[in-house]
Amino acid sequence: PCLPSGNGTAYTATAKYVSGTSCSGYVLVYKGAGTSQTVTGLTNGTTYYFRVFTRKGTVWSNGVGITAVPNDYLVGDYRSKPGTHNFTSTIAWQVYAGSNVWNDNPNPPNGATVNVYITNGSTVELTSSRATSPIRNLTVAAGGTLRGAALSTPTYLTIYGEVICNGTIGAGNVWNSLGLNMEGVNSTISGSPSGVIDLNRLRKSYVVNTTSNLIIAKDLNLRWTSSSGTTLYNNSSGTDFNVTINAGTTVSIIVDPSAPPGASGNACIDGVNGTDLTERGGTFTVNGTLNVPGILNATTNNITRSCKRVIG
């Protein structure tokens, strides 16, 4: 950690994170005798590490370390309460009322403009699909978990904004029922390197937006357990689902050990097998890595909507 020295005159502080005097990788954001400081230039959903020192003359304390995750909360945003809860539980959520006030709310998140935060120390389980009860942005903090319940069929959370995962989405290296419907015009899946994402499916399922562009900027796994199955695809008639896997990012389709012999995990644009009876289009652009143990369907019977695969 940073170990300051001298009488402090060598250090210059600024409240903006991108500048200030560097000390062993730290940026000096406050210098003085106050008890609080507002720091700007931070990224929402990212964990920052702070260390606070006191000085008498030229003798410094060893410092006290803390972490903080900034979030620009809006009135009506939801955050999960500590413990393990069903997504629809009446005791699972609090709603932001402004001025740093959170109130308990018996109703689960529901609305394409509602942001949801899964907090440190909480686990939220989705026991049924939220097809007609969407949310906007999903942020999972370090130490927080969003997963599907122990069900044999997929359960889907519908999202119209961003996904930021600094904690855990899914159940790790075993199959989990949670899948995501990504329905925004422009959406990104991102998060810290320590965050883990394991889903059963990632897809577009609704026609609210005719075109949905998804950027995957964080490694994730898609786990399948049936005899065969497509885990990445367009499930919405009359729409385009454009997926870009960023450079340095890996998306792996994994056949779960519990799957029967001969099981495969597939990717497709035009439905689950490239021959859907309706028009389902889009482009998969792979600038990183897409691991497909089964079939990457390169066929379509569309007449008007194209299906493309671009390898960067």
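Worth knowing before you read on, the calculation uses all heavy atoms, side chains too, and leaves out hydrogens, waters and symmetry mates. Every value quoted in this text rests on a predicted model; they were computed, and no experiment measured them.
- Atoms CG and OG1, from Leu146 and Thr123 in turn, are 9.5 Å apart once rounded to the nearest 0.5 Å.
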For this session: In sequence, state the C-alpha distance, the side-chain angles, and the governing distance for Thr285 and Thr283, and then conclude on side chain to side chain donor-acceptor pair (under 3.5 Å).
Result: CA-CA 6 Å; Thr285 302; Thr283 300; 5.8 Å; no
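- Ion pair Asp270/Arg305 not flagged as a salt bridge, since none of the NZ, NE, NH1 or NH2 atoms sits closer than 4.0 Å to an Asp/Glu carboxylate oxygen.
- Rounding to the nearest 0.5 Å gives a distance of 11.5 Å between CG of Asn246 and OG1 of Thr289.
- Here the side chains of Ser264 and Trp224 are not in contact, with every heavy-atom distance at 4.5 Å or above.
- Screening Leu138, Leu157, Asp198 against Ile169 for a side-chain contact (heavy atoms from CB on, under 4.5 Å) leaves a single residue, Leu138.
- Interatomic distance, Ser236 OG to Tyr206 OH, rounded to the nearest 0.5 Å: 9.0 Å.
- Counting heavy atoms from C-beta outward, Ser205 and Glu183 have side chains that approach closer than 4.5 Å.
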Problem set entry | CA sep, side-chain torsions, deciding dist, call: Arg309, Ile269, side-chain contact (heavy atoms from CB on, under 4.5 Å) | CA-CA 9 Å; Arg309 292 135 194 94; Ile269 298 176; 3.9 Å; yes
Exercise. Please walk me through it: do Thr275 and Asn301 pass side chain to side chain donor-acceptor pair (under 3.5 Å)?
Worked result: CA-CA 5 Å; Thr275 60; Asn301 60 354; 5.3 Å; no
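- Rounding to the nearest 0.5 Å places CG of Asn242 at 8.5 Å from OG of Ser212.
- When atom types are taken as modelled, the side chain of Asn302 and the backbone of Arg280 share a donor-acceptor pair closer than 3.5 angstrom.
- Looking only at distances, no side-chain donor or acceptor of Arg223 sits under 3.5 Å from a matching main-chain atom of Arg201.
- Under the 4.5 Å side-chain heavy-atom criterion for ILVMFWY residues, a single connected hydrophobic cluster contains both Val286 and Val243.
- Taken to the nearest 0.5 Å, the CG atom of Asn297 stands 6.5 Å off from the CG atom of Asn273.
- The closest side-chain heavy-atom distance from Tyr78 to Asn115 is not below 4.5 Å.
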Exercise. Where do Leu199 and Leu180 land on the side-chain contact (heavy atoms from CB on, under 4.5 Å) test, with the steps shown first?
Worked result: CA-CA 8 Å; Leu199 301 166; Leu180 298 182; 3.8 Å; yes
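- Within the 4.5 Å cutoff, side-chain heavy atoms of Met182 are placed close to those of Leu214.
- Relative orientation of the Tyr96 and Tyr73 rings is tilted, given thresholds of 30° and 60° on the angle between their planes.
- No donor-acceptor pair closer than 3.5 Å links the side chain of Asn291 to the backbone N or O of Ile253.
- Val255 and Leu232 are members of different hydrophobic clusters when ILVMFWY side chains are connected at heavy-atom separations under 4.5 Å.
- Residues Leu42 and Pro70 share a closest heavy-atom pair of CB-CG, 3.9 Å.
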Problem set entry | Pair Val39-Phe50, side-chain contact (heavy atoms from CB on, under 4.5 Å): steps then yes or no | CA-CA 11 Å; Val39 181; Phe50 295 84; 4.3 Å; yes
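- Inter-residue side-chain proximity for Val140 and Thr145 is flagged as unmet; no heavy-atom pair is nearer than 4.5 Å.
- A donor-acceptor contact shorter than 3.5 Å is absent between the side chain of Gln94 and the backbone of Asn105.
- Formation of a donor-acceptor pair under 3.5 Å by the Ser89 side chain with backbone atoms of Ile91 is found in this model.
- Note: Asn234 CG to Lys204 NZ = 7.0 Å, rounded to the nearest 0.5 Å.
- Aromatic ring centroids of Tyr233 and Phe241 lie 6.0 Å or more apart.
- Phe284 and Ile295 are assigned to two separate hydrophobic clusters, defined by single-linkage of ILVMFWY side chains at heavy-atom distances under 4.5 Å.
- Contact detail for Arg136 and Leu74: the closest heavy-atom pair is NH1-CD1, 4.3 Å.
- When atom types are taken as modelled, the side chain of Ser237 and the backbone of Thr278 share no donor-acceptor pair closer than 3.5 angstrom.
- With hydrogens and angles ignored, the 3.5 Å screen pairs no side-chain donor or acceptor of Thr249 with any backbone N or O of Gly288.
- Side chains of Leu202 and Leu222 form a contact here, defined as non-hydrogen atoms less than 4.5 Å apart.
- Taking each heavy atom of Gly170 and Asn176 in turn, the nearest pair found is CA-OD1, 4.0 Å.
- Side-chain contact between Thr210 and Asp240 is absent, with no heavy atoms from C-beta onward closer than 4.5 Å.
- Taking the six-membered ring for Trp, Tyr17 and Tyr48 have ring centres closer than 6.0 Å.
- Under the 4.5 Å side-chain criterion, counting only non-hydrogen atoms from C-beta, Thr158 is not in contact with Arg130.
- Taken together through direct or relayed side-chain contacts under 4.5 Å among Ile, Leu, Val, Met, Phe, Trp and Tyr, Val208 and Ile159 form parts of separate hydrophobic clusters.
- A continuous path of hydrophobic side-chain contacts links Ile311 to Val292 [ILVMFWY only; heavy atoms under 4.5 Å].
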Problem set entry | Candidate pair Arg203 and Asn235, rule side-chain contact (heavy atoms from CB on, under 4.5 Å), full reasoning | CA-CA 6 Å; Arg203 66 185 191 178; Asn235 191 48; 3.4 Å; yes
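- Listed for the Glu279 side chain is no donor-acceptor partner under 3.5 Å among the backbone atoms of Thr239.
- For the pair Val116 and Pro109, the tightest heavy-atom approach, listed with the atom from each and the gap, is CG2-CB, 3.6 Å.
- At least one donor-acceptor pair under 3.5 Å links the side chain of Ser177 to the backbone N or O of Ala149.
- Judged by distance alone, the side chain of Ser129 and the main-chain N or O of Tyr156 form a donor-acceptor pair under 3.5 Å.
- In plain terms, the two heavy atoms of Arg79 and Thr119 that are nearest each other are CB-CG2, 3.9 Å.
- The two residues Thr58 and Asn7 make their nearest non-hydrogen contact at CG2-N, 4.0 Å.
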